[in-house]
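Worksheet for the structure shown next.
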Amino acid sequence: MDRPAKLLSVGALTLDTILRVDTLPAHQGKFIASDGVQIASGMATSAACAAQRLGAEVSLWASAGDDHVGDQLIAGIEAEGVDCTHVRRVSGARSALASILVDAHGERIIVPFYDSKAQADPEALPVADLSAFDAVLADVRWPGAAALALKAARAAGRPAILDADTAPLAVLEQLLPLASHIVASEPAVRIICGQALDLETACADLASRTDAFVAVTAGASGTWWSDRAGRGIRHVEAPRIKAVDTLAAGDVFHGAFAVGLAEAMPAEQALRFASAAAALKCLRFGGRLGAPNRAETLAMVAATWPEQA
């Protein structure tokens with residue numbers, strides 16, 4: 001590709017307060033954080049910022065209130081170079097918030113708040129034709145927008161990528177048939193396929209329900225994916241790292257995977273690219289602020305999979 005890939009990322013936009021603690025609380029009380037940041041984030045937003053750092057031109061379609069928090073969110077994302085022209089502002093609504101604790105092992109607790117008025121279904125796409133984009137990525141936090149975007153992307157012959165994460169089963173069942181590519185987290189695939197299955201079997205089960213490309217991510221355990229060429233369920237290892245902060249690692253993975261598809265990378269190469277970007281993010285505290293650039297990501301790919309370099 002002789003130009004930057006163009007992506008549309010659809011979904012969550014939140015103001016995240018991220019606090020670093022030694023251990024995640026197991027009881028009520030007061031706990032002193034050793035570090036903290038407040039940033040514009042959310043699944044689709046973090047993925048958009050990650051993709052921008054990896055060399056894509058990214059537009060965000062999200063919904064926010066007409067409050068000062070919404071102003072702060074848009075300013076923060078525009079500072080990353082992401083186009084926020086399509087961010088909807090809803091009169092009288094409150095912009096989304098999230099409080100997040102990250103422990104010394106990089107694990108986290110996330111408590112988000114979304115105003116139902118801000119998350120109301122949109123009436124139409126923000127642009128008439130999605131063929132100007134090389135790929136469309138949607139999360140599960142704004143289902144009405146995700147449905148419109150995924151349908152339109154497939155109609156335009158573009159990758160329609162669903163970031164399938166923790167959500168009500170009805171939302172997942174609404175969106176899964178609309179995607180051309182499904183990348184599901186372990187919690188999401190448990191909701192869809194049941195708790196008892198190992199992830200390789202769960203990936204096969206999910207793949208049997210759709211004609212889409214299917215992958216299931218499992219953090220340090222790597223990614224399982226269904227090879228439609230007839231080679232069954234395959235596995236991509238995760239780079240070996242000592243995690244500092246796993247917050248937004250999945251979002252970075254999805255943003256990088258979308259870049260890979262937009263650039264016409266083969267599926268396994270795109271998954272390795274995404275795995276490398278997510279691993280690098282985990283080395284840095286601050287959620288999406290730890291997303292790597294393209295040179296760092298390619299270096300991690302070369303170090304982890306020398307045969308691809």
Side-chain angles (χ1 to χ4, degrees), residues 9 11-26 31-54 72-73 76-77 79-80 82 96-113 137 139 141 163 165-166 183 185-188 217-223 236-259 271-297 299-301 303-304:
S9 191
L13 173 60
T14 64
L15 181 63
D16 286 6
T17 300
I18 309 169
L19 299 172
R20 190 170 188 178
V21 294
D22 290 335
T23 58
L24 297 176
F31 306 88
I32 304 301
S34 61
D35 200 355
V37 294
Q38 192 171 64
I39 58 170
S41 191
M43 294 167 62
T45 300
S46 294
C49 292
Q52 188 81 26
R53 291 189 183 186
L54 291 169
Q72 183 179 348
L73 292 173
I77 300 309
E80 288 280 349
V82 173
L97 307 170
S99 294
I100 301 156
L101 300 180
V102 179
D103 72 10
H105 303 287
E107 296 303 321
R108 71 274 194 274
I109 291 176
I110 305 172
V111 184
F113 164 74
L137 171 65
D139 70 29
R141 295 290 173 259
D163 176 353
D165 198 14
T166 303
V183 182
S185 67
E186 180 175 354
T217 61
S221 297
T223 303
V236 170
E237 65 181 305
R240 295 184 180 276
I241 54 105
K242 182 174 176 57
V244 170
D245 176 8
T246 60
L247 179 65
D251 308 329
V252 171
F253 186 105
H254 285 86
F257 181 70
V259 171
L271 289 171
R272 289 177 173 182
F273 184 70
S275 296
L280 287 165
K281 189 257 91 56
C282 291
L283 295 175
R284 302 158 182 164
F285 172 74
R288 67 151 181 92
L289 295 179
N293 63 31
R294 191 177 185 94
E296 293 172 311
T297 303
M300 175 66 87
V301 170
T304 308

*Indicate the atoms forming the closest heavy-atom contact of Ala220 with Ala238, along with that distance.*
O-CB, 3.7 Å
*side-chain hydrogen bond (donor to acceptor under 3.5 Å, both in side chains) partners for Thr45, two or more places apart*: none
*Not counting sequence neighbours, which residues clear salt bridge (Lys or Arg N to Asp or Glu O under 4.0 Å) with Glu186? List them please.*
Arg190
*asked:* For Val301 versus Phe273, what's the shortest heavy-atom pair and its separation?
replied: CG2-CA, 3.9 Å
*Does the pair Asp163 and Asp251 meet the rule for a side-chain contact (heavy atoms from CB on, under 4.5 Å), with working shown?*
CA-CA 8 Å; Asp163 176 353; Asp251 308 329; 4.0 Å; yes
Extract all donor-acceptor atom pairs below 3.5 Å that involve side chains of residues 100-107 and protein atoms in other chains or at least two apart in sequence.
{"unit_1": "Asp103", "atom_1": "OD1", "unit_2": "His105", "atom_2": "N", "d": "2.9"}
{"unit_1": "Asp103", "atom_1": "OD1", "unit_2": "Gly106", "atom_2": "N", "d": "3.0"}
{"unit_1": "Asp103", "atom_1": "OD1", "unit_2": "Glu107", "atom_2": "N", "d": "3.0"}

*Who passes salt bridge (Lys or Arg N to Asp or Glu O under 4.0 Å) against Asp245, sequence neighbours left out?*
Lys281
*Measure the CZ-CG distance between Arg20 and Leu247 for me, rounded to the nearest 0.5 Å.*
12.0 Å
*What pair of heavy atoms forms the shortest contact from Ala33 to Leu19, and how long is it?*
CB-CB, 3.9 Å
*Which heavy atom in Ile18 sits nearest to a heavy atom in Gly287, and how many Å separate them?*
CD1-N, 4.1 Å
*Backbone N or O of Leu13 within a donor-acceptor pair of the Arg141 side chain at under 3.5 Å?*
no
*Measuring from Thr304:OG1 to Glu237:CD, what's the distance to the nearest 0.5 Å?*
7.0 Å
*Side chain Ser185, main chain Ala188, donor-acceptor under 3.5 Å*: yes
_Distance in Å, Asp165 CG paired with His254 NE2, rounded so as to fall on 0.5 Å steps_ = 7.5 Å
*Grab the two heavy atoms, one from Leu54 and one from Ala277, that are nearest each other, plus how far apart they are.*
CD1-CB, 4.5 Å
*Please answer whether the main-chain N or O of Ser41 pairs with a side-chain N or O of Ser46 as donor and acceptor at a distance below 3.5 Å.*
no
_Heavy-atom donor-acceptor pair, Asp139 side chain to Ala12 backbone, under 3.5 Å_ = yes
_I need the Thr217 OG1 to Phe253 CZ distance, nearest 0.5 Å._
6.0 Å
*Identify, with sequence neighbours excluded, every residue that meets ring pair (Phe, Tyr, Trp, His ring centres under 6.0 Å) alongside Phe113.*
none
*Over 12 non-hydrogen atoms of neighbours within 6.0 angstrom of CG in Asp22*: no
_Restricting to non-hydrogen atoms, name the atom on Ser275 and the atom on Pro239 that form the minimum distance, rounded to 0.1 Å._
O-CD, 3.8 Å
_Set out, in order, the CA-CA distance, both residues' side-chain angles and the distance that settles side-chain contact (heavy atoms from CB on, under 4.5 Å) for Val252 and Arg53, then state yes or no._
CA-CA 10 Å; Val252 171; Arg53 291 189 183 186; over 6 Å; no
*asked:* For the CG atom of Asn293 and the CD atom of Gln52, what is their distance to the nearest 0.5 Å?
replied: 13.0 Å
*Heavy-atom side-chain proximity of Ile241 to Met300 below 4.5 angstrom*: yes
*List for me each residue that meets salt bridge (Lys or Arg N to Asp or Glu O under 4.0 Å) alongside Glu296, sequence neighbours excluded, and say none if there are none.*
Arg284
_Just verifying a value: how many Å separate Leu283 CG and Thr246 OG1, rounded to the nearest 0.5 Å?_
12.0 Å
*Keeping the roles fixed (side chain from Arg288, backbone from Cys49), state whether a donor-acceptor pair exists under 3.5 Å.*
no
